[in-house]
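See below for the structure under consideration.
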Amino acid sequence: FSFISGPCSLKLRQPASSGAVGFMAEEPRDVAAALGFDVEEGDALAYKADYTPPTALSCGLIMVPHGKTQSNNEHLFQDHSDSALSQLLPEGVEMARRGAAEFVQQYAESMKGNLDTWVLYRTPLSRTTTTADCYVAALREAGVEVPDPIVDPLLLEINQGSWAGLSVDGLAAAGREQDAVLARAYRDASFFAKATDGSGESKLDVLRRSADWLRVLEARHGSAKCNVLVFGHGTFQNCVELLLKCYPDKSAADIFNRNPSGGSHLRRGEVHILTPLHVHASDADAKL
């Protein structure tokens with residue numbers, strides 16, 4: 001792993017297991033309630049009236065979902081195997097390059113004078129590596145000598161186990177009717193649906209992982225007035241957005257929408273500001 005010096009420094013320890021197989025022994029409704037959610041029809045989630053985020057995140061947080069892959073293009077389920085289906089398409093690389101160019105235009109000058117207040121992360125999977133590489137190269141070309149992002153396995157995307165490489169229709173065509181029904185429920189709104197053989201995660205599993213990660217992030221950087229830039233994955237980012245209540249007018253189903261006909265707010269390869277960024281003395285005039 002990489003390490004950063006300065007007020008945002010940390011030492012990152014590899015967890016005992018970076019696999020993200022579903023781990024919940026509790027009743028899913030109890031887990032949802034503990035996170036602050038009611039369970040609605042179709043196992044969808046809705047905020048409780050007294051909902052409170054898992055932590056009051058005090059660092060600035062930017063998340064960049066990786067560029068498009070073949071699995072994204074064909075609406076295939078994924079695991080952590082880093083297969084050919086999960087590599088960025090040429091279109092996905094171009095998404096990351098465009099996002100990087102926009103980021104440099106807006107933030108490069110302010111970062112130069114305050115580089116030690118920025119922390120970069122990515123996941124261990126190559127699709128986030130490629131996306132991060134586009135940003136790092138663009139920043140360095142602009143004279144911002146950012147370090148390589150820290151590799152954080154806590155940011156790993158949902159692992160959909162034996163559904164990986166298949167779509168809803170693909171599961172049905174393979175004769176896996178019960179899995180196809182659950183996969184369709186997952187695509188519709190369900191936070192509980194996952195592979196029948198127990199090999200993967202539900203959205204609720206990832207939501208709980210994301211809540212744990214937010215607490216860790218606050219413990220690492222909350223007191224340092226840092227801005228954290230994460231190169232990650234769409235479903236994990238959606239979980240963080242839901243937990244931080246970034247879109248209070250959107251339902252949970254809308255936040256996770258991957259409808260082939262459109263409607264998703266997720267812009268692959270581009271910056272999403274989830275919490276306000278810290279403005280430091282030398283960049284007070286920058287557009288944050």
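These numbers come from the heavy atoms of this one structure, side chains and all, not from hydrogens, waters or symmetry mates. These figures come from a predicted structure and were not determined experimentally.
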field: Separation of E40 CD from F191 CZ (nearest 0.5 Å)
entry: 10.5 Å
- request: Consider only side-chain heavy atoms of I, L, V, M, F, W and Y, link residues closer than 4.5 Å, and tell whether I158 and L35 are in one cluster.
  value: yes
- prompt: Under a single-linkage definition using a 4.5 Å side-chain heavy-atom cutoff for Ile, Leu, Val, Met, Phe, Trp and Tyr, are L244 and V119 assigned to the same hydrophobic cluster?
  reply: yes
statement: Members sharing L76's hydrophobic cluster, built from side-chain contacts under 4.5 Å between Ile, Leu, Val, Met, Phe, Trp and Tyr, are L85
field: Spatial distance of atom CG (L204) from atom CZ (R29) [nearest 0.5 Å]
entry: 11.0 Å
message: Can you tell whether the side chains of D148 and R140 come within less than 4.0 Å, N to carboxylate O?
response: yes
task: Give me the ring orientation class for Y186 and W163: parallel if the planes are under 30° apart, tilted from 30 to 60°, perpendicular past 60°.
output: perpendicular
- prompt: Going by atom types alone, do T131 and R268 pair a side-chain donor with an acceptor below 3.5 Å?
  reply: no
task: Give, for atom CG of D254 and atom CG of L242, the distance between the pair rounded to the nearest 0.5 Å.
output: 11.0 Å
Within 6.0 Å of CD in Q105, more than 12 heavy atoms from elsewhere: no
- prompt: Is a side-chain N or O of T129 found less than 3.5 angstrom from the main chain of L125, in a donor-acceptor match?
  reply: yes
Y47 six-ring face occupied by K245 cation (under 6.0 Å, within 45°): yes
field: Polar side-chain atom of T275 near backbone of C59 as donor-acceptor pair, under 3.5 Å
entry: yes
query: Are the side chain of S199 and the backbone of G161 linked by a donor-acceptor contact shorter than 3.5 Å?
result: no
message: Whether the side chain of N227 engages the backbone of H278 through a donor-acceptor N/O pair (distance < 3.5 Å, no angle test) should be reported.
response: yes
- line: Between E201 and K194 the two heavy atoms that sit nearest each other are O-CB, 3.5 Å
- prompt: Is there a donor-acceptor contact under 3.5 Å from the side chain of Q78 to the main chain of G165?
  reply: no
- prompt: Minimum heavy-atom separation for I273 to V271, with atom names?
  reply: CG1-CG1, 4.0 Å
- request: May I ask you to check whether H272 and E241 show a side-chain donor-acceptor distance below 3.5 Å?
  value: no
query: Are any of the side-chain heavy atoms of F37 and K48 separated by less than 4.5 Å?
result: no
task: Please determine if D152 and R220 form a salt bridge, counting it only when a charged side-chain N lies under 4.0 Å from a carboxylate O.
output: yes
D205 (side chain) donor-acceptor with S202 (main chain) under 3.5 angstrom: yes
- request: Let me see the working for S126 and Q87 under side chain to side chain donor-acceptor pair (under 3.5 Å), right down to the final yes or no.
  value: CA-CA 7 Å; S126 60; Q87 308 309 303; 2.6 Å; yes
task: Please check if the distance between the ring centroids of Y135 and F231 is under 6.0 Å.
output: yes
- prompt: Between N73 and Q70, does any side-chain donor sit less than 3.5 Å from a side-chain acceptor?
  reply: no
message: Assess the residue pair V230 and L61 against the criterion (side chain to side chain contact (heavy atoms under 4.5 Å, CB included)); give the C-alpha distance rounded to whole Å, side-chain angles, the decisive distance to 0.1 Å, and a yes or no.
response: CA-CA 8 Å; V230 173; L61 178 60; 4.0 Å; yes
query: Considering residues at least two apart in sequence or located in another chain, which fulfil the side chain to side chain donor-acceptor pair (under 3.5 Å) criterion with R215?
result: D212
field: Test item: side-chain donor near acceptor, T235 and N238, under 3.5 Å
entry: no
Point-to-point distance, once rounded to the nearest 0.5 Å, from CD of E157 to CG of D79: 11.5 Å
- prompt: Around atom CD of Q178, are there more than 12 heavy atoms of other residues, nucleotides or ligands at under 6.0 Å?
  reply: no
Expected output: side-chain H66 to main-chain A132 donor-acceptor under 3.5 Å: no
Hydrophobic cluster identity match, L266 and F77, side-chain contacts under 4.5 Å: no
- prompt: Under 3.5 Å, is there a donor-acceptor pair linking the side chains of T123 and H233?
  reply: yes
query: Do E102 and R97 sit within salt-bridge range, that is, some charged N less than 4.0 Å from a carboxylate O?
result: no
field: Beyond-backbone contact of L120 with I150, side-chain heavy atoms, under 4.5 angstrom
entry: no
query: Looking at F192, is K203 sitting on its ring face, NZ or CZ under 6.0 Å from the six-membered ring centre and within 45 degrees of the normal?
result: no
- request: For side chain to side chain contact (heavy atoms under 4.5 Å, CB included), just list the numbers for Y121 and L229, CA-CA rounded to whole Å, side-chain angles, deciding distance to a tenth of an Å, and then say yes or no.
  value: CA-CA 6 Å; Y121 286 98; L229 174 59; over 6 Å; no
query: Would C239 and R209 satisfy side chain to side chain contact (heavy atoms under 4.5 Å, CB included), going step by step from the backbone distance to the final call?
result: CA-CA 9 Å; C239 286; R209 281 204 287 117; over 6 Å; no
field: Nearest-0.5 Å distance that lies between atom CG in L217 and atom OG in S210
entry: 11.5 Å
field: Minimal non-hydrogen separation, S190 against A193, with atom names
entry: OG-N, 3.0 Å
message: Closer than 3.5 angstrom, by distance alone: can the side chain of K112 be matched with the main-chain N or O of G143 as a donor-acceptor pair?
response: no
message: Quick check: do V206 and R208 have side-chain heavy atoms less than 4.5 Å from each other?
response: no
task: Treat each ILVMFWY residue as a node, draw an edge where side-chain heavy atoms are under 4.5 Å apart, and state whether L88 and L155 are in one component.
output: no
- prompt: Are L89 and M95 linked, directly or through other ILVMFWY residues, by side chains that come within less than 4.5 angstrom of each other?
  reply: no
- prompt: What distance do L274 atom CG and Q237 atom CD have between them, rounded to the nearest 0.5 Å?
  reply: 6.0 Å
Heavy-atom pair with the smallest gap, counting every atom of N114 and T117: O-OG1, 2.7 Å
Full working for side chain to side chain contact (heavy atoms under 4.5 Å, CB included) between I62 and W118: CA-CA 11 Å; I62 296 175; W118 284 80; 4.1 Å; yes
query: If only atom types and distance count, is the side chain of R127 paired as donor or acceptor with the main-chain N or O of G232 below 3.5 Å?
result: no
- prompt: Just checking, any donor-acceptor pair under 3.5 angstrom between side chains of D133 and T130?
  reply: no
- line: Shortest non-hydrogen pair, A32 vs L45, comes out as CB-CD2, 3.9 Å
- prompt: Which pair of heavy atoms, one from E74 and one from S167, lies closest together, and at what distance?
  reply: O-CB, 4.4 Å
